[in-house]
Amino acid sequence: MGYKVKLSVFEGPFDLLVHLIENARMSIYDIKVAEITAQYLAYIEEMNSREIYVGAEFIVLAAALIEIKSKMLLPRITNESETDMTGDPRSELVERILEYKKFKQAAALIEEAEQRALRVFEKPQEDISRFLDQPDEYLQMDIKQFMNAFNLFLHKKQKIEEIKKNYARVEREKITVEQKINYIHSYFGLAGKDKVTFTDLVKENPGRYNTAVTFSSLLEMARKNEIELMQKHNFGPIWIKEVKKREADA
Amino acid sequence: MSSKKTIKAAFEAMMFTLGEPLDVKLAADVLGISNKDACAYFKELQDEYEQEGRGLRVREVNGAFQFVTSSDVYDYIERLCTPSKKKKLSQSALEVLAIIAYKQPVTRGEIEAVRGIKCDRVLEGLENKGLIAEVGRSAGVGRPILYGTTDTFLRHFGFTSIEDLPGIDDIENAVHEQEEDDDSGQVTFNLNESVAQ
Amino acid sequence: MSSKKTIKAAFEAMMFTLGEPLDVKLAADVLGISNKDACAYFKELQDEYEQEGRGLRVREVNGAFQFVTSSDVYDYIERLCTPSKKKKLSQSALEVLAIIAYKQPVTRGEIEAVRGIKCDRVLEGLENKGLIAEVGRSAGVGRPILYGTTDTFLRHFGFTSIEDLPGIDDIENAVHEQEEDDDSGQVTFNLNESVAQ
């Protein structure tokens, strides 16, 4: 029997199946499943008996073949005169065999190319070490990189200058809370009003330090009941009303 | 500006020195000519060596050119020295390689589906030989590795580019024709099948 | 008996494959011809390659022959084989270069004033690379050197003149706008929270 030759040579279950089908001179489009399944199983048994490892893949295909065989035994629903390939339980198997055959053939073609190419020789590279010691150095630079570097520098510089600026301001404007309280008292007099906003108080010098000193001064004055503070809503204008001395005494 | 003769001489010497395929772009750069012109000169050289029946040939590999020996004088080289032989690939390696070559980029799962058998070992071997390489990841579940062939593959098989492979359509036709031939002698047996069961 | 053409082709391929000089006796043996004939064929090849002005030459070394490259195309081989190393400028070099590019001609003192750091080393490096050059002397105390960028600098960026540089005004404006934005982000207090104590 054909399947007993070259036992371990098959590249997989499809390879074996194709071999069996071709050996039995069967058409792939009309596989005699019962016959082929019997041969396939006999082959696997032969492998087993010779203690050749039978891969799980071979068993999987055996199971598939048996399933197809059993389906073939069921009465066909389709009209006998019509060849309904989609209804044929063998159709998926046929497709896979054809796909496998296609690439087996492709493998044979590239093997021929390999045979030809093996008759051709390349040569190794010449010794070029003397060139390798002195590489050509060249500068890699592009305008984007150049601009990025410059922008980074400007940004850095700007930050440093800002810090310097703030530092200098604190030195210059080191006004105390006491001084500020006196200023606020005099502000009411100068403005001729008894009610001003926080913004009015810091209008002349809206710097961070002045704003903070003014605010703490106001809190201190409020604590001493020298003023009343009003704010209608979050972050809204803060109104400051001077409390007249006599009212405070009373 | 270098003369045509000088350019071709330079290409010869450059190919000889480099051994491996010399990229057209690189060669064009060295000579300060356009890629198109460089390519034309390489093709001219290729024709010259072939027509003069020289012992060397200019082989194209994916847009690069190299000197190789003519296969016509293989026997003499073999007699001269047993050249470090490139090993022939195994049947399973050839099958897997064929699937990758024609279906690339392709996942391991797809290769295994065609062959009906696992092929991780074979893939590993082909990758170690530099014949195939990972070319990306599939968008599918688990993002499996996609394989493709390399320039080493082209050189091993003497293909100029992947387009140089024998057409897969021809193969399909060949398979079908064969089937049709087979069919013609089979009609009578087909009827027997249902009876046999 | 091999034809003259085949013998010469075989010698070419044999020399190519062997690399080292191919002994006339050995070559004659492989082809089954006399040493004298073999030697004559090698000399013929030698003449052909020379007269055709090819990039390869056949060199005789003590009764043996080998392919070598023609010395005429040495420069191209050198250019092909010499690796190129990309070098990048450091951040400080780029900064100094930018200051010079935009403020030129400029003295070292002015550059150092902008950067707040010494830069004699950086200047030396840029001058060695040919990116900047002395363009004169300032009229100031000690008549310090004035620096400017060179044509090499322009070439690196593919500029034809220094006017091609992106406008510095844009950068200055950008800086100012940013500062104003910072100021407008005034400190605001929420009294309701503070008073809640």
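Just the heavy atoms: all of them, side chains too, but no hydrogens, waters or symmetry mates, feed the values below. Lettering follows sequence order; numbering is per chain, from 1. The shown structure was predicted, so the numbers you read here are calculated from the model rather than taken from an experiment.
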State, to 0.1 Å, how close [X] and [Y] come at their nearest heavy-atom pair, and which atoms those are.
X       : Y       : answer
B:Ala13 : C:Val73 : CB-CG2, 3.5 Å
C:Ala9  : B:Gly53 : CB-O, 3.6 Å
C:Glu12 : B:Leu56 : O-CD2, 4.0 Å

Around atom [atom1] of [X], are there more than 12 heavy atoms from other residues, nucleotides or ligands closer than 6.0 Å?
X        : atom1 : value
C:Arg57  : CZ    : yes
C:Glu50  : CD    : no
B:Arg143 : CZ    : yes

How many angstroms lie between atom [atom1] of [X] and atom [atom2] of [Y], to the nearest 0.5 angstrom?
X       : Y       : atom1 : atom2 : result
C:Ile77 : B:Phe16 : CD1   : CZ    : 9.5 Å
C:Leu80 : B:Phe11 : CG    : CZ    : 10.5 Å
B:Arg79 : C:Met14 : CZ    : CE    : 9.0 Å

Q. Under the side-chain contact (heavy atoms from CB on, under 4.5 Å) criterion, do C:Tyr76 and B:Thr6 qualify, and how do the steps go?
A. CA-CA 10 Å; C:Tyr76 299 110; B:Thr6 308; 4.0 Å; yes
Q) Tell me, side chain or backbone of C:Tyr74 under 4.5 Å from chain B's heavy atoms, or both, or neither? A)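 Contact with chain B: none, neither part.
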(Q) For C:Glu78, which atoms come within 4.5 Å of any heavy atom of chain B: side chain, backbone, both, or neither? (A)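 For C:Glu78, neither part sits under 4.5 Å from chain B.
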Q) Is it the case that C:Arg54 places NZ or CZ above or below the six-membered ring of B:Tyr49, under 6.0 angstrom from the centre and within 45 degrees of the axis? A)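 Yes, a cation-pi geometry.
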